[in-house]
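Can you read through this structure? Questions will come right after.
Atoms within each ligand, like the ligands themselves, are counted from 1 in listed order.
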Amino acid sequence: MRSIKLLTPLVLAALQASQVAAHGGVLSYTINGVTFQGFKSYNTPAGQTSIQREWDTYDPITDPTSASLPCNINGASLGAGQQSATVPAGSSVLAQWNDWPHAIGPVMVYMANCNGACTNADPSSLSWFKIDEAGLLSGNYDSGEWAQGKLIDDGSTWTTTIPASLAPGEYMLRHELLAIHTSNQPQFYPECAQLIVTGSGTAQPSGSFLVKFPGAYKASDPGVTIDIYAHPDATNYTIPGPSVWRG
Ligand SMILES: *[C@@H]1O[C@H](CO)[C@@H](O)[C@H](O)[C@H]1NC(C)=O
Ligand SMILES: [Cu+2]
């Protein structure tokens, strides 16, 4: 009782702010020098305009088979405010996260062909392919550099190239952090944005590269349910999901 009383509203607010700061999400995208603002989480979608789909909080999704895994909660189209960024295949996409997401775990980037207008697409029905991934970059579980640590070192940014040979069309782009700093409790942080890819490419990933969300991950995947503190000297980390498709 006494210690609870010590938590004045100010302290509580600071605590909540630090918890928010410890989670994360993609706030904007910069593509060929043009910055596209993301959805403003913690706000109503009414009146918002973005290439990003709705996502409501910085909080993690902790179930690898959650229905919210495709594009976070709730992943909805913004309706009249939903936009798509037109980008040539081969473009680099810089995703900007909030100041301080987590530092331990992999970064993964996926795309999915919407087979038509992405604004009408249900992300859970799409077939996703991975275009980028990075896990344990160097060293061991305990003191090595994880992709998420590099992301923070790079100003909370991650830069990915859209495969140059990818066939034109409307695609969903999905960035994901899988934070594994909590023993045996994965934390997924996905966000989606809509792209219209242009160019003269003809390549499409074959079936072995395609996965569903949920479906791509299982709790039993070695890289999903993991206690890094039980094996501080280990240097192997298996990034979950399909192989990267490079076009
Ligand atoms: C690391 O290697 C061990 C021994 O082969 C294996 O049991 C474990 O699943 C691997 N861990 C990851 C995260 O890939
Ligand atoms: Cu967190």
Report the angle formed at the Cu ion (ligand 2) by atom OH of Y189 and atom NE2 of H102, rounding to the nearest 10°. 90°

Under a 3.5 Å threshold, yes or no: a donor from one side chain and an acceptor from the other, between S156 and Q96?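 Short answer, no.
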
Please report the interatomic distance CG(L94) to OG1(T157), rounded to the nearest 0.5 Å. 4.5 Å

Among N, O or S atoms, H23 approaches the Cu ion (ligand 2) most closely through ND1

Distance-only donor-acceptor check, side chains Y29 and Q37, under 3.5 Å: no

Considering only heavy atoms, which protein residues lie less than 4.0 Å from any atom of ligand 1?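 If the criterion is a heavy atom under 4.0 Å, then ligand 1 touches Y141, P222, I226, N236, Y237, T238.
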
Test item: side-chain donor near acceptor, W158 and D132, under 3.5 Å: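 Side chains of W158 and D132: pair found under 3.5 Å.
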
Indicate whether any N or O donor in one side chain lies under 3.5 Å from an N or O acceptor in the other, for T57 and S41.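 Judged by distance alone, the side chains do not pair up.
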
Assess whether a salt bridge exists between D153 and K150, defined as any Lys/Arg side-chain N lying under 4.0 Å from an Asp/Glu carboxylate O.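 Salt bridge flag = no for K150 with D153.
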
Any side-chain donor-acceptor pair under 3.5 Å between S91 and N32?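 Per modelled atom types, S91 and N32 side chains form a pair under 3.5 Å.
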
